[in-house]
Amino acid sequence: SVLCGCEVSLVIFSSSGKMSEFHSANSSLSKILEAYQQNSGETLWGAKHESLKAEIDRMKKENDNMRIQLRHMKGEDLNSLGPRDLDTIETALTNGIADVREKQMEIYKKKAKSQKALEEENKQLTYILHQQNLAMNGNLREIPQDYYQKDRDFTTQIPFGFRVQPMQPNLQESK
């Protein structure tokens with residue numbers, strides 16, 4: 001290859017199926033195979049391969065078109081578009097915003113509904129807990145449904161002698 005200036009390609013498959021290839025500089029395997037096909041008259045790429053190549057080309061074009069549309073939706077590269085195209089994009093974006101807002105409202109309503117259910121369950125459990133506390137203390141009298149033990153003053157139940165009075169000196173200590 002270096003001495004003669006010819007194009008050389010070598011493809012090696014190992015026993016495990018791993019492929020290795022070598023080709024001369026400024027060339028590629030596909031270029032060499034195309035040259036071989038043209039000069040020998042043999043068809044290396046059958047109709048099946050051609051249809052696969054056409055499918056790949058079609059998918060590449062479709063991918064490129066989708067990338068362009070995505071850029072347009074992001075607000076990029078809008079100078080090449082006409083008024084009809086811009087109206088179409090505006091309509092699509094407006095519909096998208098409406099769908100997003102609808103989904104947000106649906107999630108908000110579900111959240112509010114579950115929060116309300118949790119609050120109701122909390123009220124019921126608080127009432128049951130209060131009933132059990134009364135039963136454990138031997139106080140089995142009937143209490144109204146809306147009674148809750150939230151702001152009850154427990155300081156009156158503690159005897160006077162045990163209250164902490166930080167402002168008064170301790171008279172029991174001797175100095």
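A quick note: this is a predicted structure, and the numbers were derived from the prediction, not measured. Heads up: numbering here begins at 1 and tracks the sequence.
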Participant: Any donor-acceptor pair under 3.5 Å linking the side chain of N39 with the backbone of A35?
Facilitator: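 Checking the backbone N and O of A35 against the side chain of N39, a donor-acceptor pair under 3.5 Å is found.
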Participant: Just checking, any donor-acceptor pair under 3.5 angstrom between side chains of Q104 and Y108?
Facilitator: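 Note: Q104 and Y108 side chains miss the donor-acceptor criterion.
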Participant: Please tell me if the side chains of E90 and L86 come closer than 4.5 Å, counting only heavy atoms from C-beta onward.
Facilitator: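 No, their side chains stay 4.5 Å or more apart.
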Participant: Quick one: do E50 and K53 make a salt bridge, cutoff under 4.0 Å?
Facilitator: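 So E50 does not pair with K53 through a salt bridge.
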Participant: Quick one: does S114's side chain have a donor or acceptor within less than 3.5 Å of a partner on K111's backbone?
Facilitator: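 Pair found, side chain donor or acceptor close to backbone of K111.
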Participant: What's the separation between atom CE in M19 and atom OG in S14, rounded to the nearest 0.5 Å?
Facilitator: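 With rounding to 0.5 Å, CE (M19) is 11.0 Å from OG (S14).
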Participant: What distance do K61 atom NZ and M66 atom CE have between them, rounded to the nearest 0.5 Å?
Facilitator: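 Between K61 NZ and M66 CE, I get 16.0 Å after rounding to 0.5 Å.
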Participant: Do the side chains of E106 and K103 get close enough for a salt bridge, i.e. N-O under 4.0 angstrom?
Facilitator: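 A salt bridge links E106 with K103.
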Participant: Look at the side chain of H72 and the backbone N and O of I89, then say whether any donor-acceptor pair between them is shorter than 3.5 Å.
Facilitator: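 Flag not set: sc H72 to bb I89 has no pair under 3.5 Å.
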Participant: I'd like to know if V8 and L33 are part of one continuous hydrophobic network [Ile/Leu/Val/Met/Phe/Trp/Tyr, side-chain heavy atoms within less than 4.5 Å].
Facilitator: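 Cluster IDs for L33 and V8 differ.
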Participant: Quick check against the 3.5 Å criterion: does S27 have a side-chain atom that pairs as donor or acceptor with the backbone of H23?
Facilitator: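 It does not hold such a pair.
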Participant: Run the salt-bridge test on R58 and E62 with the 4.0 Å N-O cut-off and return the result as yes or no.
Facilitator: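 Yes.
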Participant: Decide if atom CG of N26 counts as having more than 12 heavy atoms of other residues, nucleotides or ligands within a radius under 6.0 Å.
Facilitator: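 Open: at most 12 neighbouring heavy atoms sit under 6.0 Å from CG of N26.
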Participant: Nearest heavy-atom pair of C6 and S24: which atoms, and what distance?
Facilitator: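 Closest approach of C6 to S24: O-OG, 4.1 Å.
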Participant: Would you confirm whether N137, through its side chain, and N133, through its main-chain N or O, come within 3.5 Å as a donor-acceptor pair?
Facilitator: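 Answer holds: yes.
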Participant: Could you state the interatomic distance from CG (L70) to CD (E76), rounded to the nearest 0.5 Å?
Facilitator: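 Separation between the atoms: 8.0 Å.
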Participant: How far does NZ of K31 sit from CD of E7, to the nearest 0.5 angstrom?
Facilitator: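 Interatomic distance, K31 NZ to E7 CD, rounded to 0.5 Å: 7.5 Å.
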Participant: Under a single-linkage definition using a 4.5 Å side-chain heavy-atom cutoff for Ile, Leu, Val, Met, Phe, Trp and Tyr, are V11 and Y36 assigned to the same hydrophobic cluster?
Facilitator: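 Result: yes, single cluster for both.
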Participant: Please round to the nearest 0.5 Å and tell me the distance separating atom CD1 of I68 and atom CZ of R71.
Facilitator: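 Taking CD1 in I68 and CZ in R71, the distance rounds to 5.5 Å.
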Participant: What are the two closest non-hydrogen atoms of E42 and Q37, and how far apart are they?
Facilitator: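 Scanning both residues completely, I find the closest heavy atoms to be O-CG, 2.9 Å.
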Participant: For the OG atom of S80 and the CG atom of D85, what is their distance to the nearest 0.5 Å?
Facilitator: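 With rounding to 0.5 Å, OG (S80) is 8.0 Å from CG (D85).
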Participant: Are the side chains of I97 and D99 in touch, meaning some heavy atoms are under 4.5 Å apart?
Facilitator: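 I97 vs D99: side chains apart.
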